[in-house]
Each structure stands twice: as C-alpha cells, then as structure tokens.
Amino acid sequence: MDSFELQEEISALQDLATYEIPHELDTEEAEYALEAAVEAVANSSSAIRDGEIFDVYRSLLKHSSDVSGRIMSKMLDSISSGLHAEMDATLRDIDGGDQPTYVAHRMPLEMYAFLLHWFVVASEKVKAPEEGEAPPAKGRKKTTKTTNKKAADTTWSWKDQAAPTLKLICTVLSKLPTQRIWTTNMERDVFIKALTKPAIHITELESWMKTQEIRIPVFKAICLSVKNHGQAPAIQDHLIFNLPYSDHLAEPAADLLTLLYSEYDFSQLGDELLRQIAGVSFGSQDAKGPRNFARFLIRYGESCPRLVLKQFSLLVSQLDSEAYPIRQAIVEIIGSLITELANGSEEGEAKQAQRDINNFFNLLLDRVLDISGYVRTRVLQVLAKLCDIEKFKFPKQRLAVTSAAIEALDDKIASVRKAAIALLTQLLLTHPYFRTHDGCLQRDLYAAEYKEVSEELGKIEDAVGNAVKRAEGENVDDEEEEEGDEGKDEDSSRKKKKKKSKKTGDDDDEEGDDSIMDVDDDEAGGDTEEDEGDQMSVDEEGTTPKKKKEKKPSKLERRKSQLNLEALNEEQAILAKYDEATITKMQLRKKYLSDALSFIDQIEGAMDTMCKLLGSTSKAEVLEVMDFFRMAHDLKFESANAGIKKMLHLIWTKDNSSTSEDGKELKGIRQRLLECYRGLYFEVLDDPTMTPKDQISRIAKNLIERTYDATLAELTSLEEMMRIMMDEQAIHKDIINKLWQVYSVEKQLPKPQRRGAIMILGMLALSDVGVIADKVDIMLKVGLGPLGKADPTLARYTCVALQRLNGSFKKVKGSLDDKTRRISMDSPIFKKLQNAILHPSRTKEWFGMAEQVINTVYALAEHPDVFCNEVIKKLTVRAFTAKQKAAAAEDKDVEKEKESTPTTNEDNAGDVTMDSADVTMQDATQATTQATQDDPDKEKDVGEAFEMSQLLFVVGHVAIKHVVFLELVEREWKRQKDEKQAAEKVANGNTRASKEGEELDQVAGNAEDEIGERIQAIRETELLYGPESLLAMYGPAIVHICGSPHKFKNRTLRAAAILSFSKFLCVSSQFCDQHHRLLFKILETSKDPNVRSNIVIALGDVAVSFSNIIDENSSELYKGLSDKNFVVKKNTLMVLTHLILNGMIKVKGQLGEMAKCLEDPEPRISDLAKLFFKELSTKDNAIYNNLPDVISHLSTGDHAVEEEVFQSTLRYIFTFIEKEKQAESIVEKLCQRFRLTEDPRQWRDIAFCLSLLPFKSERSVKKLIEGLQFYRDKLHEPVVFERFTEILAKARSNKSKDKPDSELNEFEKILEEHKAQGQEDQALEKRVEGKKAAAKKRAAKRSARTKKAAPAPVEDDMYSE
C-alpha cells in the first residue's frame, strides 16, 4: 500500500456495511489466506504494508461473527508479534540516526495499531458467554446463525487474551519515542488513541475491571499515555463522559489518578478533573451522575487528600449543590482532609493546619443542619470517624460536636438519630479526660477537684494582685499564637479581657498537653459559654473570674493613690513560692476540668432524650442507644442507670433478623439486651484479686439491687429476663445458693436486700420450680415467720414465690388439661399463711400481703374456700369485737411481736425498719393514710374502721378469686367428662352406639353446656345471693358503706369498700345491674384521684364480664378523659382503648373525646391516643364511619376546641383516610355541611377538612364542583377561599398529564366570581347596618332634645352617648 490514513480508516469503521476493502475475501478464503499472511508477517513485520496481506486481516475482522475463536487467537498473536517486531526495528533505526529510515516505520506501526483497535471491537462478536459476566459492550449483535465449528469452539475469550495484549501496549508506550516519528501532535494522538483503545475499552467493562491481572496493565497503559504521550485531555474527557453512566468506574478512576500521582508523579490530570467537577451543576433530579461522581470524589479524597486540599477552594462550592450525594461527598472529603492534617502536618505547617482544621470543622457543623437527612447522617458519621484519631483529640471542637449531636437526637429521621447516638457513644469512648479518676466521668469528682483548683487560684490572685493576671495574659497570647486564628468562635465578652505582652512564657512542658486538653482560655471560653447554654459556668462556684471583677477596681484605686511596700513584699514572697510555670499549670488544670464538666453536663442533659429513643420503631437506633447506655454506665454517669433500667422493657421485643443500611446483619434487640445485662451485672469480672466466692457475692448483689426502687412494670420485665436467663442456664447454682443465704441469714439486713433475694428467687422459679421446691421450710420460717410479720412486704413476695410451686404452665386456649399441682389443706403452708394474714398490722403494706396470701391459697390449695371461710370469719369477729377488748388484745399482740422481733436502732436500719425502697402495691390502698389512726380523738371508730377495711378487702378479693376458681372447676369437670367418654368408647368399641350418642347430644344439648350453665348459675345466684353463701352477708354492708360517704369518712375504709364493691360487680350480673349506678356516682363525686382511677379500671373489668350493662352507660366512662388528674385520664384512656379495640363497647359518637387526647400537653397521653387511632384504623372503616361525629364534636358546641388544636388533631386523623371511595364520600358530606351552619368558624373548619383530602381521582374533584351551591356564599371568608385554592393546587398536581386543565380553570374562575360577589354582599350588609345604626342614633338624639327640660334619668346616659 502506498498510503494509509489512520484517522480516516478509524472513522470508516463506524459503518462496516459501507467499509470497502480492495482485496476483500469471504470468511473461508480469508481463513485459508491467513496462513500465508501470518508467515509473511512473521518473516518481516513490514510485510503488513502489502495490501493483499493487510486485507486478509481486515476481511477476517469485518466478518468476525463468522470466524472461529481459534482463528481470532491466531490473528491476535500475529498482530501482536508483528507490532512488537516493528517496534524493535523502529528502535534500531532510531539508534542508527537515519531519519528517513525510521520515519518509514510510521505506516506499518499505524496499520498494526489500526488492526489492534479493530480487533477489540470485532472480538466482542465472537466472545463466548461466561457465567456472571457483564453485558457485552456496544456494537455486539445477536446472531442466529452459528456454524458447527463455532459452536464447538466456545472456550475462546478475548478476556483471556487481554492481559498479554495490554502488556505489549505498555511496552510500546514506554519504549517508542513517538515524537520523533510523528511530527505533528494530531497525527501522534491518533496513533496513541488507536493503540490505547483496548485499555480504554476495557475500563467500560465492569467484570473485566474486577480482575487484578487486567486492571493493573490497563491503569499502566493509560498512565503511560498520559505521562509520555500527552493524552491527559483525552483521558479527562473519557472519564467525565463515562462517570455519570458507568456505576463501576468511580472507584477505579480514583485509583487510576492515585497511581498516576504516586508512581508517575503526574497530578495535573487529577487537578483538572477536580476543577471540572467543581464547575458542574448537578440537579436534584439526577440519579446516577451525582452518585457516581460522589463515589469518585470520596475515593480520591481518601487516597490523595493533599491533592484534593489544593482544589478544595473550588470544590467547596458544591456544598450548595442541589444533589445531596455531592454534598455527602464533600463532607467525606472534609473528614479525609482533617484526618490528613491532624496526622501528617509537619512542624512548619502546624499553624496553617490548625486554621484549616478549625475552618473544616465549622463547615461540618454547618452541614449538620442540611435539608437532606442523608447529608446530616453522613456528617455525623464523619465526625464519629474523626473521634478515632489518636494523635489529636480536637479539644476545642469536641464540645461543639457534642452539642450538635445532642440536637440531632430530635431529628425526624431515624438514620440521623442513629448516627447522632453512635457519635455520642464514640465521643464517650474517645474522651480526652482519661488522665484523672481512671478515665471515668463522675461529675462529683471533677466538680470537687475543679472547686479545689479554683479556690487555690483565687487565693493566689487575692495575694499577688495583677501579677497573676499578667501571667495569665501572657499565657493567653502565647496559646493564641500556638493554636491559630479562631476569631469566629471567640466570645465577645472575653475579647475585652485580652491583653498584649512582650514576654513569652517558657511552657514547653505544657505544649504536650495542648493536643489533649484545650489551654486557650479565650478561644475555649467561646466554645463553652457561647455555643453551649446548658454547660456549667466557670464562675459557678466562686471561681477566679468573679473575684477578678470584684478586686480589680479596688486594686487600681490603691495603685493610683499610693505604693504599698508591705503589699509588694508579700507579692514577691508568694511569687517566689508559685513560679510562673506552676501558676500556668494550675490555669491549664482549671481549664481542663472546666471542659470536662461541660462535656459531662452535655451528656447528662441528653440522657432523657436517649431514654425516649429506647421506644423507637427503628431497630438499629435502639441497638445504638443500648450501646450508648452501656458505655455511659461504664464511665459512671449518674443518669445512665435510668436508661439501663428502662432498657429492661425491651425484653418483650420479638427478635427478627434484619440488616442495617451498610448491609451488616443486626442482632436482635432482646439478644443485645441480654448481652448488655450479662456484661454489666452477671458475668465474672477479669480481676485476679477477686476469689470465686467474691465473684458469686458480687453477682448475687447485682441481682438483688435490680429490684431496688423498681416499679411494677420493671419487676415484670426483670421477671421475664430472669426466666429467659434461667432457661439458657446462665444463672449458676452457686448464685442461687447465695441468694438463699441472703434471704435466710439470721443477722440484721436492710429490708430491701432480703426482699430482693426472695423476689429474684421467685422469678427464677418461673423457669425451674426446683429453685424453691426444696426450700419451702425456709420460706415459711423466714417470710411467714417473725421477719415476715414485721415486714409485710417480705411476706408478700414470699407468697409470690410460693405460688410458683404449682408450676408455670401456660394454659393452651381450648385445652382442658390442667398440669398445676394442688396441696392438701393440712399442709403447714396454709397454717402459716393464715397466721400471716390474721397477724395484727396497722400498715398499708398489709393489704398487698393479704392479696398475695389469698392468691397463694387459690393457686395451691385443694379447697381454698375452706381456708377463706375461716379467715373471713375470724376477721369479722375481730372487726366487730368491742373496742376495749380489741385494744387489749392488740397490746398483747404488739408485746409478743416485740419479743419475737429483733430490735434495731435508727442508725443501723435492718429488717424491722421501713424503707423507701419498698415496692408499694398498685391498688386502692395507695391513698390510705394513718393520720386519723394515730389520734383516736379525731375519729371515734378508728380502730374498728381499719380492721373493717381489712375485712372488706379480703372479702372482695376472695369474691373475684373465687370466680376464677369456678372457671378452673368447670374446666376440670369437662376434662373428667371427656376422659370418661373416651374410656367408655374404648370399652364398648361400638361405633353405632357412639353415633347414636352424638345424635342424642345434638338433640338434647351437650353435657359441656350443662356444666357451663351450672357454673354460671353458681356465680349468678349462689355466690352473692345464696342462703348459705358467706359472701352474701357482706354485699349489703359494702353497698351501704360505699353509698354513705358522710357516715363513713375514713379514707382507708372507703377505699377498701369501693375496691371490694368493684370486685363484687364483676361476680354477678344481677348484682351489677342493681348497683352499677352507685359506682358511676362515686366516680362522679369522689375527690380522691386514686379512688377515681381505680373505679375506671374496675369499670373496664366489669365491661369484660357484663359488656351490655357498661355499654349502656359508656358516656359516663368517657368523662374520665376530661379529669384534671393525669393518672385518672391515663387509666381512662387505656381502659377505653382496650374496650373499644376488642369490641366490648360500641363507639356512639364519643370518639371526639378520644381525639382531644391527641393534643394533650402530657406526651404520654398524646402517645397513647395516637396508638389508639393507629390500631383503630386497622378495623374496617372504623375511623371513616365516626369521622363526621369527631368533626362535629371538636368544632361546635360545648366540646369545641380551639381552631389550632382542631387543625392539628384532624390533620393526624385524616392520615388514616386512604381509600379513594371514602375520600369521595367525605367530600360530598362535608360540602353539604356548609348549608347547615352560619358560623364562620365552622366554615373554616369544614374547608380545612376538605383541604386534607388527597383529591387523587377525578370523582373527588367532581363531587367538590357539584357541591358548589352549598359553599359559594361562604367564599368571601379569606381562610375558606385560601383552603379551596390549596385544593385546586392539589387537584392539578394529581391529575393525569393527558387531561386538559379546562375544567379546573373554569372552577377556579367560578370560585373567584363568587368570592367577589360575596365580598360585595358583605360590603352592602355593612352599609345597611351602618345606616340603621346612624338612624337609630339620630332618633335617640331627637328624643333627648324633646326631654331636655326634664332631668335626664341615669339610664339614658348610656343611650345618649
């Protein structure tokens, strides 16, 4: 060939169909001719210039879809070897120095480059499909015709040939001096682009770039083309063009630039790329592009932070980009830059690095308020990473970062809150205050030391006057020079105190501490006082600043007036004692402690929010909070115990496997909770000084302490945890033995300790009855012996533990099996129980103990009625015995009690003393008082009243427990009947007889129904009305006491009577029907909130038993929602929630009262109300059916709420209207409401409700337009018209694009017309009313003139004005 234009040939390849080959051959001819061509090229690489040989290669490449892999491999080998030989020949000629000779090699080099370029494109057509490989590149065509030859040859792959080919290209690029062969840059660029085409093409293939053997030579080839052959602009264009569309290219592109800089010392390409990216405007709607560019920037920032720092002034503008991934990337880059500056700054660059770090932190803290939750999350994550830097602790920024993290805890997005919690945990883990107090952050210790240092400094200042101040000023200036310019963070008040000094302090010893603690008073003052309002002031405890303010004027005056030689001598003496270095060290110490106290106060202030976040619905967030509390507990924060306690309730969480945002599998919440508690309390410490006995004692003590000050809910959760841990065999037998030892020890112990031991043992017995089965005698001796009589609460929990003896088998619904064990009545257990309940006691703890005694009897006894009959009779005798005898008997009992009870003194409170850690019972006895009992003159029947209270309490509890016992009897009868029938069937074996029996049962009724009816009859007629019933005797007395508040005024008696009365109502529908109105009356009139609260709970129980009776009077129950007492309101809301959601009472228009609770100022009430409506929305159309009543209830009448409350309430409720048909119906109903009212407030409310609907369908809009006649005369009201404007905007945004706006435009025009007309009508009405008023005024004046002679009456004055 005489000539070859490489650029023209490459361009012609774009359309293969029109590409002309002078000596074109078909596939078979070309394959046959290839042998000769390969041999010719092997003999002489310049043979490629022969047109016929060259066209053989071109013919095969043009028809590559029909060429076998073997031929393609052979051709690639020939091209590669020919290119390599031609390069060697060229280099030899260049060494010879003959220019015409080596320039002649240009054409064959270009031809080989062209063939290689074409081969890359053509090879995709014969590439065999591989498992897991990415889709082929552009240009690949699916072929339906394949030869048998090709089908058999499926192992060939261009991917296998890529690595050696790329290495050849690298060799050519590194050795060939292209500038000597190609005189113009354009021609040289064409050759280099053709040669590097394989490398560029491979970068577009994701699966190929994952292979290390291919990726490395690809990078090397590109780097060589950039470094040696000026291809930087071409590579830059390639990356900028492909990055937005190639997800896989972001990280490799950053790695390429890193390699180019690190090994080839070429940073210009990276700089230009960053400058170009900085100028790109990313839209918020872009999906792929910003995300890929962001990944590239993050990777490049991590790899080459110094290069990115040079261009950061341009990149920082992308913090305002609309695309949040780009803002995330800039945030990540800032984190990488801070890390680099903190770890890698040289001594000469320290000041500039410090300034840069300060500026970067300011940027990060600004981004905490970013509008995107993703960016806010990333900022907090970056800040958490920065906490891990060991070389520098950023003392100035830590307090600001802590404050930002605490504010982020209130973010609406769970991922942001999770990141904020993780950041706070990291701040705790890496805090810089580890040099004192073993690294713990106990506030009392730091406050005491701070006070001590402050007082010492104060004494020095008082003595030496301004000498210390000058030293302090020198220190401040010195530290300012060291730390750099932080004017943005300085407090203006502290700037006034800044002083200049020519002296420089020699504090080399203190510079080492500068990286750990903040020594700059001026700078840090801005951080701690300006940024953090909730931090402790440095002047709180009489510290130096206050004293400086007080002393300064007097000292100045003294120095002006005269020179005090004696004072000067004293100053010199003290200065000799405290040199400048010592004073400076004390100031640093004070600043260090001040920062520590500020940090502790910040964390303590976040504890309440953290406790609330334990109830989050985000699993990952809850797990982070648990880790935070564990870390805070390890660092001895005072408030951490509250969070650790609240974590207990998470034991009820169902564990489901899930993954976090970063793809990691999350542990279950319950599993993490158990791990946390084990680590804190139940695992053996790695302490060689502790013996095994000490370890057991420690764990037992921790178990007991978990019961201190615990509420009923916390004890219930702790019980479940103990059960699970016992199931998992996590509680060693030695620990159980230690608990028994604590419980039964004879020496005096604090009451809570012995109680806690039996409480834990009872909890463990839920899983394994053997824990207590062999220790019954100990329980009877201790808990029901003298100690139990002196401490009813100990006896109470001993009874709870005894109840575990019947086993903790859960009843299976529908099953008749009863696996519980019963104990005969002659057991000593019941004798001890009887002695305990009959033992004279005047404390409210007796009621809780008596309740558990009865529960124990009904749980264990074969005939609990026998026991209860005897107890009730004895209590009755005691209550109605003459006063003198009772008092004498009581005195004897008291003497006996004193004799049998160990005595203690007040200083060493033991088992006899009352303790605040006592767990009070959750019933009516909470409100009882001993005031009237201590003074018999105040109330004559005080003795009998308390004993009567005890009697009535026992009677009521026996009644309700006997109802439960009857259900067990019914189940036992049914079980026996089933066993009998099964035995008869086995014995008879008569199928016909069994069929006849079944038919007889269907006709005459099932025997099980007869058993149920019999038990029901006992409950209805015998328990409270039977002639032989003991309980029947007390019903009238209880009713009489409850109905005579003026006669029976004792609070304890009334509380016990009302509680028993409530329980009696649950026994018999006849009794309930007769007396339930009395309970409602007491609810209405009682002034005691505890009584009202218990009545509400009782009404819920009555509704479960006799729903029809309560359903008729449910309106009375709703009144509790308006009660001023929080507990009454909460209990009412909980009871109504339970009854409504379980269908026990019907909603009859009172749902508006429940809706009012949504905006209750007490968060617990509003949260319960939201939970109620959320659950109610799952019921079929429940909210939709009651919505009109709710709107009316909240908008009109006596129950109406303020307009703002109405809007916020309905805004929440309307979120549950999701069905389009419901929305259409509501539109129609609301439009019709306009005609029924003339109150503008109701117009605004109705219009607001309409604006809450989605208007997604055309039918909704049509219903609105059809209702125009009802509201057109209300459109003059500005708020109403504004709401309809909002509806129009919503309808326009929701309509389909292919529908015209003509209907909506016409509707808008009609609304405008009616608005204008309404305004005119309103103006006319005002004019008419004005004229009427003027006429009335003129008439009044005329009448006044006619009566001018007569004295004007007083009444006329107001009319004449």
Side-chain angles (χ1 to χ4, degrees), residues 608 711-713 844 920-929 931 1042-1043 1045-1046 1049-1052 1054-1059 1061-1062 1076-1103 1110 1113-1140 1145 1147-1173 1189-1190 1192-1210 1212-1213:
D608 288 341
T711 63
L712 182 62
K844 64 178 182 179
T920 59
M921 63 180 191
Q922 308 292 316
D923 55 24
T925 59
Q926 290 172 337
T928 61
T929 178
C1042 293
H1046 300 293
K1049 297 180 181 179
N1050 184 277
R1051 292 182 63 186
T1052 306
R1054 288 198 55 76
I1058 292 170
L1059 187 62
F1061 178 57
S1062 303
H1076 71 275
R1077 294 299 309 167
L1078 175 59
L1079 196 62
F1080 283 115
K1081 185 66 177 176
I1082 299 172
L1083 176 63
E1084 184 180 348
T1085 58
S1086 176
K1087 295 179 181 179
D1088 188 343
N1090 289 290
V1091 170
R1092 298 199 303 274
S1093 179
N1094 284 301
I1095 290 175
V1096 167
I1097 296 173
L1099 286 171
D1101 293 335
V1102 174
I1110 298 301
N1113 303 274
S1114 58
S1115 57
E1116 300 289 332
L1117 195 52
Y1118 283 92
K1119 291 180 181 178
L1121 294 174
S1122 305
D1123 199 287
K1124 294 179 181 178
N1125 183 269
F1126 162 74
V1127 178
V1128 178
K1129 185 185 286 190
K1130 179 176 76 77
N1131 286 346
T1132 304
L1133 183 57
M1134 292 177 69
V1135 168
L1136 284 170
T1137 298
H1138 172 68
L1139 296 178
I1140 292 172
I1145 63 172
V1147 182
K1148 300 176 181 177
Q1150 303 99 332
L1151 208 58
E1153 287 297 319
M1154 302 283 282
K1156 283 183 182 179
C1157 296
L1158 288 169
E1159 294 301 315
D1160 195 274
E1162 176 61 47
R1164 285 177 287 181
I1165 298 289
S1166 59
D1167 290 344
L1168 279 172
K1170 287 176 182 176
L1171 180 62
F1172 165 75
F1173 278 99
D1189 293 332
V1190 173
S1192 301
H1193 191 89
L1194 299 179
S1195 180
T1196 62
D1198 299 335
H1199 304 286
V1201 297
E1202 295 180 2
E1203 208 161 341
E1204 292 181 2
V1205 177
F1206 175 88
Q1207 292 179 7
S1208 57
T1209 302
L1210 268 298
Y1212 179 80
I1213 294 177

Which label fits F1173 and Y1212: parallel for a plane angle under 30°, tilted from 30 to 60°, or perpendicular past 60°?
perpendicular
Minimum heavy-atom distance between E1116 and L1083, given as atom pair plus value
O-CD2, 4.3 Å
Hey, does N1094 have a side-chain heavy atom less than 4.5 Å from the side chain of I1058?
no
I'd like to know if D1160 and K1129 make a salt bridge, using a cut-off of under 4.0 Å between side-chain N and carboxylate O.
yes
Which is it for D1123 and V1096 under the side chain to side chain contact (heavy atoms under 4.5 Å, CB included) test, yes or no, and what are the steps along the way?
CA-CA 11 Å; D1123 199 287; V1096 167; over 6 Å; no
Please step through side chain to side chain contact (heavy atoms under 4.5 Å, CB included) for the pair V1135 and L1099, ending with a clear verdict.
CA-CA 8 Å; V1135 168; L1099 286 171; 5.8 Å; no
Check whether any side-chain N or O of S1192 sits under 3.5 Å from a backbone N or O of D1189 as a donor-acceptor pair, and report yes or no.
no
Non-hydrogen side-chain atoms of T1137 and L1168 separated by less than 4.5 Å
no
Any side-chain heavy-atom pair from H1076 and V1102 closer than 4.5 angstrom?
no
Please examine the side chains of L1079 and S1062, heavy atoms only from C-beta on, and report whether any two atoms are closer than 4.5 Å.
yes
Please answer whether the main-chain N or O of P1089 pairs with a side-chain N or O of S1093 as donor and acceptor at a distance below 3.5 Å.
no
Using side chain to side chain contact (heavy atoms under 4.5 Å, CB included) as the criterion, point out the one residue from T1132, L1121, D1167 that pairs with C1157.
L1121
Quick one: does K1156's side chain have a donor or acceptor within less than 3.5 Å of a partner on S1122's backbone?
no
Contact between T1209 and V1201 at the side-chain level, heavy atoms closer than 4.5 Å - yes or no?
no
Grab the two heavy atoms, one from N1125 and one from V1128, that are nearest each other, plus how far apart they are.
OD1-N, 3.1 Å
With distance as the sole test, does S1208 use its side chain to make a donor-acceptor pair with the main-chain N or O of V1205 at under 3.5 Å?
yes
Closest non-hydrogen atom pair between M1154 and A1169, with its separation:
O-CB, 4.1 Å
When you look at C1042 and L1078, which way does the side chain to side chain contact (heavy atoms under 4.5 Å, CB included) test go after all the steps?
CA-CA 8 Å; C1042 293; L1078 175 59; 4.0 Å; yes
Sub-4.5 Å side-chain heavy-atom contact between E1084 and F1080:
no
